[in-house]
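Each remark here refers to the structure printed beneath this line.
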Amino acid sequence: GAGVSQSPSNKVTEKGKDVELRCDPISGHTALYWYRQSLGQGLEFLIYFQGNSAPDKSGLPSDRFSAERTGGSVSTLTIQRTQQEDSAVYLCASSLAQVNQPQHFGDGTRLSIL
Amino acid sequence: KNQVEQSPQSLIILEGKNCTLQCNYTVSPFSNLRWYKQDTGRGPVSLTIMTFSENTKSNGRYTATLDADTKQSSLHITASQLSDSASYICVVRASGGYQKVTFGTGTKLQVIP
């Protein structure tokens, strides 16, 4: 498809386990963002990739969170030793580099930590 | 600190009625403001973008306004339909070389028959 694809759509795991969330951005989009959306809350910025530049990791809530983007395309968000407060919807978005371009969002991964 | 505040937090209207959603921001220096629609269980989708020089912009039954002096924006929905039920998120971008944006917490709109 032509949109941003995220997988899995739902993930249920036990506290303490590691999880990997995947994002396939729109082809040609150099910018990629990860956000977290908790129930009833706004989107919380996690990390931003732009081309080959060093990513902005300022939104990552702890060192249990990390992300990488291979070959300027697919991105993986990894959460180690998951905690119950990590339960949320994790959204990925991509965009062209120009400032007035919209972010195109995937439908997110709903993560539930038991 | 850059902030975006939206009101009301939630709203219920009858099908066919109009409604207006509000967004106040403190993001500076201002670059643009965008309204997104987020259906339940889906990612947000852009409705319209407002830059500093624009006061009004329409997209079908959606009309966005911007007052850059008072740092306020509104989204007016005309002749609401059941499919308008969603969360509407105001997003403001600061100018500069970085693409980071500030999201409002959204207004949850429910249109009932």
Side-chain angles (χ1 to χ4, degrees), chain A residues 1-10 21 23-26 29-51 53-60 88-111, chain B residues 1-10 21 23-25 27 29-54 57 59 62 64 66 86-108 110:
Chain A
V4 176
S5 178
Q6 292 188 244
S7 60
S9 55
N10 286 282
L21 313 180
C23 173
D24 282 273
I26 293 172
H29 282 191
T30 56
L32 186 147
Y33 309 75
W34 281 98
Y35 297 96
R36 178 168 69 177
Q37 187 174 35
S38 301
L39 190 63
Q41 302 296 314
L43 274 72
E44 174 190 4
F45 167 78
L46 296 177
I47 189 169
Y48 162 70
F49 296 89
Q50 173 56 56
S53 302
D56 179 350
K57 306 178 182 180
S58 62
L60 295 178
V89 175
Y90 289 82
L91 289 163
C92 173
S94 71
S95 73
L96 295 170
Q98 290 76 18
V99 66
N100 284 347
Q101 293 298 315
Q103 294 183 29
H104 297 262
F105 286 83
D107 288 335
T109 293
R110 182 174 299 277
L111 177 64
Chain B
K1 179 182 178 181
N2 290 336
Q3 288 186 313
V4 176
E5 295 184 352
Q6 292 186 243
S7 62
Q9 189 172 26
S10 62
L21 314 180
C23 174
N24 296 339
Y25 62 92
V27 176
F30 176 84
S31 176
N32 63 58
L33 182 149
R34 193 179 290 277
W35 285 92
Y36 283 84
K37 178 186 180 187
Q38 185 176 22
D39 293 316
T40 301
R42 306 299 300 274
V45 174
S46 176
L47 291 175
T48 185
I49 181 173
M50 306 288 290
T51 57
F52 187 85
S53 59
E54 296 174 306
K57 183 175 286 187
N59 177 4
Y62 300 103
L66 175 67
S87 288
Y88 291 83
I89 303 171
C90 177
V91 183
V92 183
R93 182 185 299 278
S95 61
Y98 184 62
Q99 300 289 300
K100 197 170 180 180
V101 296
T102 305
F103 287 79
T105 55
T107 292
K108 188 173 178 63
Q110 185 178 358

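Nothing here was measured: the structure is a model prediction, and the numbers come from that model. To find a chain, count down the sequence lines: A is the first, B the second, and so on, and within it residues start at 1.
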Would you tell me whether B:Q38 and B:Y36 have side-chain atoms, one donor and one acceptor, within less than 3.5 Å of each other? no
Is there a donor-acceptor contact under 3.5 Å linking the side chains of A:Q50 and A:T30? yes
Who among B:G106, B:G104, B:G43, B:P44 has the most heavy-atom pairs with chain A under 4.5 Å? B:P44
With sequence neighbours excluded, what pairs up with A:H104 under the side chain to side chain donor-acceptor pair (under 3.5 Å) test? none
Would a distance-only check, ignoring hydrogens and angles, find a side-chain to backbone donor-acceptor pair under 3.5 Å from B:E54 to B:L66? no
Contacting region of B:T102 [heavy-atom separation from chain A under 4.5 Å]: neither
Go through the atoms of B:R34 and report whether side chain, backbone, both or neither lie under 4.5 Å from a heavy atom of chain A. side chain
With only heavy atoms counted, which part of A:Q37 is less than 4.5 Å from chain B, the side chain, the backbone, both or neither? side chain
Which atoms of B:Q9 are under 4.5 Å from chain A, going by heavy atoms: the side chain, the backbone, both sets, or neither? neither
Measure distances from A:L43 to the heavy atoms of chain B and classify the residue's part below 4.5 Å as side chain, backbone, both or neither. both
Look at atom CD of B:Q3 and say whether more than 12 heavy atoms of other residues, nucleotides or ligands are closer to it than 6.0 Å. yes
